Amino acid sequence: MESENLKTSSNFIYNLIDEDIKNNTFTDNRVHTRFPPEPNGYLHIGHAKAILLNYNTAKRYDGKFNLRFDDTNPSKEDVEYVESIKEDIKWLGADWEDRLFYASDYFDKMYFYAVELINKGLAYVDDLSPEEIREYRGTLTQPGKNSPYRDRTVDENLKLFENMKNGEYSDGSKVLRAKINMESPNINMRDPIIYRIMRAHHHNTGDKWCIYPMYDYAHPVEDAIEGITHSLCSLEFEDHRPFYNWVLENIEDFKDEHPRQIEFAKLFLTNTIVGKRFLKKLVDDQVVDGWDDPRLMTIAGLRRRGVTPGAIQNFCDEIGVAKSNSTVDIAMFEHFIRDDLKTTTPRCMAVLDPVKVVITNLPDDHLEWLEMSNNQENESLGTRRIPFTKEIYIDRDDFMVEPPKKYHRLYPENEVRLMGAYFIKCHDYILDDNGRVSEIHCTYDPETKSGSGFTGRKVKGTLHWVSASENQPATFRLFEHLLKEDPDSETTNESAINENSLNVKDGFAEVYLKDAKNSERFQFVRHGYFSVDPKYTSKDKPVFNLTVNLKSSWKIK
RNA sequence: UGGGGUAUAGCCAAGUCGGUAAGGCACCAGACUUUGACUCUGGCAUGCGUAGGUUCGAGUCCUGCUACCCCAGCCA
């Protein structure tokens, strides 16, 4: 994260905060943000945008950033998610320091403030059934009508609400509602429910409560209690804002200075869908290998795939934040992944689809150790030695018997460079019974050793290769986008899934990769960036996940 | 005339008081190249949803249209 970026980049939220500072809206011109996940699922790339936006906004203004679990609905939430969410946010680099909170920490206060609203005649207990409440609410174009229980006295409401808390009523039989206006054109202001009766075991408060606050009431109170100044949320909460403000303006503790809700557009990516239902189905149907499948845009999946936090940060910086719904081209994300890995990973060689090359003018037992730079753009990554032998492997598509125009690779009578080694020239090849190339015969020219300064001839192509006798067998998991088409949110289904999204190859890597650690990242030249899969890698055979491929302007036409 | 939003290039997106359309991705052309990668150079909106108006001057102001998104959970 470039701190200068933080200071110079511009978006409508920063503009609003700048205005608040100019107007001294908040004491000491504080800026305090928060990320409020509900612990009911895994975080994904869309959450990353929200997390980093909140964190960076706080950092830009020397403010604070809280992590708060919005755990107001125990029937849907689970501790299982709390740990994974914390791990993902930490990994992304957003630091909440000592400010980890839970909405459930505030249940007592929320109850207290609800009583205050009742006392002010601003809330009432309603006995209507869920169906009746829906009917009384009206529709988008028709006003609602008052509940017959709307005019209960303060004392009666107080008593009833206390009884609700004490478990005297069955689930769903009563609710506490804000008393606002059943005819409001904004449905969210038609006496929204603020407490419901629900007997569910809460991961934090156990069975202490049988009533739980609704989001619309809980959220502003949580924000205000924590001293949040700018409560950033997604666009669909825009018409909840009047109620957010109503709550805070009617609570004495908060009326004078309370947080401001600002809505922004969520991130959507092409070829991607992150909806919980869709993801869960993929996992349940075993279309993918769990929530951390590298093809998923979950944070866990991206991490397992080898994507860096830095890449995600730079990407989020660059896409910006605005209020228009938009879908970012996945190519932009991939660009920032390559960009971050370019000078930070060793550049090695691996052959994924091997075909044997015999160098006929080399003795059978030839073994020569060649020194190669690990990254020509970053010499601090050092060098390594690679074994050169009579028999080597190259990738099958680097040889053609009848090459098309502008094919720069190996073909009969053509000479190419073996990266880090010598020029070789093809003089023969062997076909198997199916007419497939099974062996290529070449001669090498000892004059052309890499680094020797040889300038006698030039070649058009440079091939990567691996010794056939001195190597590290490895598995390569190649990924394509999970979806063939751009998702249409709700309607996208299995038919959009790219059946080629996973392609497993068994091949060979340099011996250098023998000691590769879990999650360690490499570039395999002319293929892409890979990282060691922590799940499938075994002691004697590494498994590499394709993080992102290299670009290529070569199109076989 | 239910309410709330949004429209700047193929995709994101900046554009503070009206002063003559940033940047990134993608793409195209060329240079360089021991990765057909990287890097570098050049190209890529006489126009900002649309029709009018105000003005010396409009993406920015005014008026009328149009398109798309969100809202009728005791979910968040």
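Chain letters run A, B, ... following the sequence lines, proteins first, then strands; residues in each count from 1. The shown structure was predicted, so the numbers you read here are calculated from the model rather than taken from an experiment.
- For the C1' atoms, the distance linking B:U8 with B:G49 amounts to 10 Å, nearest Å.
- The pair A:R526-A:D395 does not count as a salt bridge, with every side-chain nitrogen at least 4.0 angstrom from each carboxylate oxygen.
- A cation-pi contact, defined as under 6.0 Å to the ring centre and within 45° of the axis, is absent between A:R457 and A:F423.
- Look at CZ on A:R417: it is 12 Å from P on B:G36, rounded to the nearest Å.
- Taking atom P in both B:C12 and B:C69, the straight-line distance is 15 Å, to the nearest Å.
- For an aromatic pair to be called close, the ring centres must be under 6.0 Å apart, and A:F522 with A:F530 fails this.
- A:V459 comes within contact range of no nucleotide atom at all, as no heavy-atom separation falls under 4.0 Å.
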What string of B, S and - do you get for nucleotides 16-24 of chain B, 5' to 3', if B is base contact, S is sugar-phosphate-only contact and - is no contact with any protein heavy atom under 4.0 Å? -------BB
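- In this entry the distance linking CD of A:Q142 with P of B:G2 reads 12 Å, nearest Å.
- Electrostatic pairing of A:R347 and A:E377 counts as a salt bridge here, judged by a charged N lying under 4.0 Å from a carboxylate O.
- Counting any heavy atom pair closer than 4.0 Å across all strands shown, A:G451 reaches a base atom.
- For A:M372 and A:F12, each mapped to the nucleotide of RNA chain B holding its nearest heavy atom, the one lying further toward the 5' end belongs to A:F12.
- A syn base is found at B:C17: its glycosidic angle is within 90° of 0.
- Contacts of A:G461 with the nucleic acid, taken as non-hydrogen atoms under 4.0 Å apart, are absent.
- Taking atom CZ of residue A:R409 and atom C1' of nucleotide B:U35, one finds them 11 Å apart after rounding to whole Å.
- B:G73 shows a glycosidic angle within 90° of 0 and is accordingly assigned syn.
- For the P atom pair drawn from B:C44 and B:G23, the interatomic distance equals 12 Å after rounding to whole Å.
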Each nucleotide of nucleotides 70-76 of chain B classed B (base within 4.0 Å of a protein heavy atom), S (only sugar-phosphate) or -, in 5' to 3' order, makes SBBSBSB
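- Checking side-chain atoms of A:T327 against main-chain N and O of A:F268 turns up no donor-acceptor pair under 3.5 Å.
- Ring centroid separation for the pair A:Y195 and A:F161 comes in under the 6.0 Å cut-off.
- Atom CZ in A:F243 sits roughly 17 Å away from atom C1' in B:G3 (whole-Å rounding).
- When the P atom is used for both B:U60 and B:G15, the distance is 15 Å, rounded to whole Å.
- Salt bridge A:D127/A:R152: present, at least one basic N to carboxylate O contact under 4.0 Å.
- Side-chain atoms of A:N23 do not come within 3.5 Å of backbone N or O of A:T25 as any donor-acceptor pair.
- Taking only side-chain atoms of A:H408, from C-beta outward, the nucleotide of B:A37, B:G36, B:A14 with the closest atom is B:G36.
- Contact annotation: A:S9 does not reach the phosphate of B:A14 (side-chain N/O to OP1 or OP2, under 4.0 Å).
- For A:F264 and B:A13, the CZ to C1' distance is 16 Å, given to the nearest whole Å.
- Side chain A:E377 to base B:U39: no donor-acceptor pair is found below 3.5 Å.
- Here A:S553 reaches the OP1 or OP2 of B:A37: one of its side-chain N or O atoms lies under 4.0 Å away.
- For B:U35, there is no paired base (Watson-Crick or G-U wobble, both distances below 3.5 Å).
- Heavy atoms of A:Q523 sit under 4.0 angstrom from at least one base atom.
- Here A:S326 reaches the OP1 or OP2 of B:A13: one of its side-chain N or O atoms lies under 4.0 Å away.
- The distance between atom CZ of A:R190 and atom C1' of B:G4, rounded to the nearest whole Å, is 13 Å.
- Residue A:K406 is classed as a base contact, given a heavy-atom separation below 4.0 Å to a base.
- For B:G36, one of the phosphate oxygens OP1 or OP2 lies less than 4.0 angstrom from a side-chain nitrogen or oxygen of A:R526.
- The gap from the C1' atom of B:C48 to that of B:A9 amounts to 10 Å, rounded to the nearest Å.
- With a cut-off of 3.5 Å on both pairing distances, B:G47 has no Watson-Crick or G-U wobble partner at all.
- Aromatic ring centroids of A:H219 and A:Y215 lie under 6.0 Å apart.
- Rounded to a whole angstrom, the distance from the P atom of B:U66 to that of B:U1 is 12 Å.
- Residues meeting the salt bridge (charged side-chain N to carboxylate O under 4.0 Å, His left out) test with A:R241, sequence neighbours left out: A:E263.
- A salt bridge is defined here as a Lys NZ or Arg NE, NH1 or NH2 lying under 4.0 Å from an Asp or Glu carboxylate O, and A:R68 with A:D223 meets this definition.
- Salt-bridge annotation for A:K449 and A:E368: present, with a side-chain N of the basic residue lying under 4.0 Å from a carboxylate O of the acidic one.
- Checking B:U54 for Watson-Crick or G-U wobble geometry (two distances, each under 3.5 Å) identifies no partner in any strand.
- Across the C1' atoms, B:A14 and B:C71 are found 30 Å apart, a figure rounded to whole Å.
- If you measure from atom CG of A:D395 to atom P of B:A37, you get 17 Å, rounded to the nearest angstrom.
- Ion pairing between A:R34 and A:E222 fails under the 4.0 Å rule for side-chain N and carboxylate O.
- Remark: C1' of B:U35 and CH2 of A:W465 are 15 Å apart, rounded to the nearest angstrom.
- Closest to the A:K323 side chain, of the nucleotides B:A14, B:G5, B:G36, is B:G5.
- Across the strands present, B:U66 finds its partner in B:A7; the criterion is a Watson-Crick or G-U wobble pair with both atom distances under 3.5 angstrom.
- Among the nucleotides B:G5, B:U39, B:G36, the one closest to any side-chain atom of A:W554 is B:G36.
- Nucleotides B:C70 and B:U63 are separated by 27 Å at their C1' atoms, to the nearest Å.
- Under the Watson-Crick or G-U wobble criterion, with both distances below 3.5 Å, B:U1 has no partner in any strand shown.
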